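Accompanying notes for the structure given below.
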Amino acid sequence: MCGIYGYLGHRNGVKIALDGLKRIEYRGYDSAGLAAITEGKLEYFKEVGKLSELERLVGDLSSPTVIAHTRWATHGRVTRENAHPQLDESKNIAVVFNGIIENYQLLKEKLQQEGVTFVSETDTEVLPHLIARIYDGDFLKAVQQALLLLHGSYACAILHRDHPNEMIVAAHSCPLVIGMAAQETFVSSDPNALVHHTREVIYLSDGEVAKITLEGVEIFDATLAQISKETEQILHSVEETTKGNFEHYTLKEIFEQPQTIRNAMLSRFFEEYGTVAIDGLHISASDLLSIKRFLIVSCGTSFHAGLVAGYMLEDLAGVPTQVEISSEFRYKNPIVQEGTFVIAISQSGETADTIAAVREIKAKGAKILAVCNVQGSTLAREADNTLFLRAGPEIGVCSTKAFTSQLAVLSLFALLMARTKHMSKLEGQNFLHSLQKLPEQVQRVLDLAPQIEKIAKKYSRYDHFFFLGRRYMYPTALEAALKLKEIAYVNANGYPAGEMKHGPIALIDEECPTVALCADKVTFDKLLSNLMEVKARHGKVIAIAHEGAKGLENTVDEVIYVPDTTDELAPILSTVAAQLFAYYVAKERGAEIDRPRNLAKSVTVE
Ligand code: AGP
């Protein structure tokens, strides 16, 4: 996802903006650029590659009015011309942009017919040209009118050479946060890049445009009327956005999980009644009882959390649950029957496919519960209720602590549903007791890191793996496989163990090891048979199993025992072991880990 940063104030904004881009590097990018107004000139620099290239180009430039950008290519190759800022022909207007202009071809053709020369392949370039053609001295009006011509989702920051003490920013279905401090204003697509300057922020909503000057921030709605917006406080601390003593953010976030799972559950349950009370969940017991089915929409790791939640809602609460991949669901003609309750799971709250699916479903009248980690995110603002993970910023591109916190809060919600329907107080208390033991049990899995690292090193040379599991361990296998794909670039295939005999077992040989997620007691014996079938075909097997599992030692090649818990909660403990396995394989293979190639932390484009 592209990153935007802007500064307007009394200090040298160039250094501040470059530092801001470094704080959002984790989101992934392939080029970077910056525009600044200094001594009546609009200077701009851009280059493919890392931020260090841009820093070299910028040298000791100083300016109080700066916009900057990291680009993750969507329209147009990774070239200098396609990097941002994009400018008009007269080089008076500079734009940095995140999102997609869906009608850019039409706009581009019309501008070209009017004689405009384009220099890039990007959709963004239409915007500075449109502003230039409308501009008659009123910078804000020209931007507002140009934006009304765009269809799509975007966040942008814009400078005009003739307005050295002004910056115009706008957002539509893409995050943009404005940070206010004494005599200076910061703009970013990510609150993590502002928190060390100010905690007082405004999140721009869809269609809003802000005019930033040394006097402060004025905000206008889509009808160009000036509006007033509440400022909010960023709650997380600066140290949560640094690596501390860890080599990678990813490892730090794996080791944060005992605390993040504790945070996810903090003051959200009543032991005495064996039930749940979730802050911000304004849903009455009668509303819960009126739910006839659940529909869960999400992507990637969040989809895997949705699959686990689906099993829990059916097993514990007895409510039929449909779990959908957002990018598929949004193109179905979704049948959203009466009594459908939708859960949208998204760590970032900015995943375009999930937001689009939610909008489609809302249009059909369903209520939306967001499970999200970012305050002020698009999804959190559009949902009827939001269950925040409280996991703190997740900087590593591959999701780790957010996943286990998603499972923790979804377990609480499933317990709430179950206790509202038929689960007894004692059963509720027992389930809560298992939940409360998780942080200490996760710590015990983390204590296995040396053993897991040894096994990972031994198997790090393989380029192909199967990850197998049944029932609650099937989504766990999918998630474990995704980790290895993402950070070690290994072809890891998550699969339901019972399906192997229907074809994929043909791929098993001594060069294709299997990681078996065994911690589902209901299906353990069946899984053991599957592992024997794998061994019979010379496949090596690494088992991740619950303490007390019998019969593995003389069947598989390696065993990692994690603490025993209920089947519903087993995905949390097994996943932490799998995260460590993926991390140490990636490290042994010399992979980038925090910022894997081709990936972005939040996929805000289709
Ligand atoms: C997870 O490791 C991946 N980085 C990716 O699959 C991610 O889970 C997916 O893009 C969904 O992101 P979200 O949770 O922010 O919606």
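Predicted model only: the values in this text are computed from it and were never measured. Whatever order the structure lists them in is the order used to number ligands and atoms, beginning at 1. Just the heavy atoms: all of them, side chains too, but no hydrogens, waters or symmetry mates, feed the values below.
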With a cut-off of 4.0 Å, which atoms of ligand 1 are near a heavy atom of [X]?
X: G300; result: 6 (O), 8 (O)
X: C398; result: 2 (O)
X: K483; result: 1 (C), 2 (O)
X: S399; result: 1 (C), 2 (O)

Query raised in the report: S346 and L379: which non-hydrogen atoms are nearest, and at how many Å?
Result: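 Taking every non-hydrogen atom into account, CB-CD2, 3.7 Å.
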Report task. Could you tell me whether K229 and E208 have a side-chain N and a carboxylate O separated by less than 4.0 Å? Result ->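 Between E208 and K229 there is a salt bridge, with a charged N closer than 4.0 Å to a carboxylate O.
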Query raised in the report: With the threshold set at 4.0 Å, does a side-chain nitrogen-carboxylate oxygen contact exist between R597 and D30?
Result: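 Salt bridge: no.
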Query raised in the report: Can R471 be said to sit on top of Y311's aromatic six-ring, NZ or CZ under 6.0 Å from centre and within 45° of the ring axis?
Result: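 Output no; distance or angle outside limits.
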Query - Charged tip of K50 within 45° of Y29 ring normal and under 6.0 Å - result: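 Because its charged atom sits under 6.0 Å from the ring centre and within 45° of the axis, K50 does stack over Y29.
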**Report entry** Steps toward ring-ring contact (aromatic ring centres under 6.0 Å, His included) verdict (F467, Y495)
**Finding:** CA-CA 6 Å; F467 283 72; Y495 226 80; over 10 Å; no
Requested in this report: Please state whether the rings of H197 and F186 are parallel, tilted or perpendicular, taking 30° and 60° as the class boundaries.
Outcome: parallel
[atom]: the protein heavy-atom neighbour that sits closest, reported with distance to 0.1 Å:
atom: atom 3 (C) of ligand 1; answer: E486 OE2, 3.1 Å
atom: atom 10 (O) of ligand 1; answer: V603 CG2, 4.1 Å
atom: atom 16 (O) of ligand 1; answer: T351 OG1, 2.5 Å
atom: atom 14 (O) of ligand 1; answer: S302 OG, 2.6 Å
atom: atom 9 (C) of ligand 1; answer: C299 O, 3.9 Å

Query raised in the report: Taking both backbone and side-chain atoms of S348, is any N or O found less than 3.5 Å from an N or O belonging to ligand 1?
Result: yes
Requested in this report: Report yes if V397 has an N/O atom closer than 3.5 Å to an N/O atom of ligand 1; otherwise report no.
Outcome: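 Yes; at least one N/O pair falls below 3.5 Å.
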Query raised in the report: Heavy-atom contact under 4.0 Å between T354 and ligand 1?
Result: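 T354: no contact with ligand 1 (<4.0 Å).
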Report task. Give a yes-or-no answer on whether the side chains of Y472 and D315 include a donor-acceptor pair shorter than 3.5 Å. Result -> yes
Query raised in the report: Can you tell which part of E350 has a heavy atom less than 4.0 Å from ligand 1: side chain, backbone, both or neither?
Result: neither
Query - Any C398 side-chain heavy atom under 4.5 Å of T250 side chain - result: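 SC-SC contact between C398 and T250 confirmed.
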**Report entry** For atom 5 (C) of ligand 1, the option (of T250, T301, T400) bearing the nearest heavy atom
**Finding:** T301
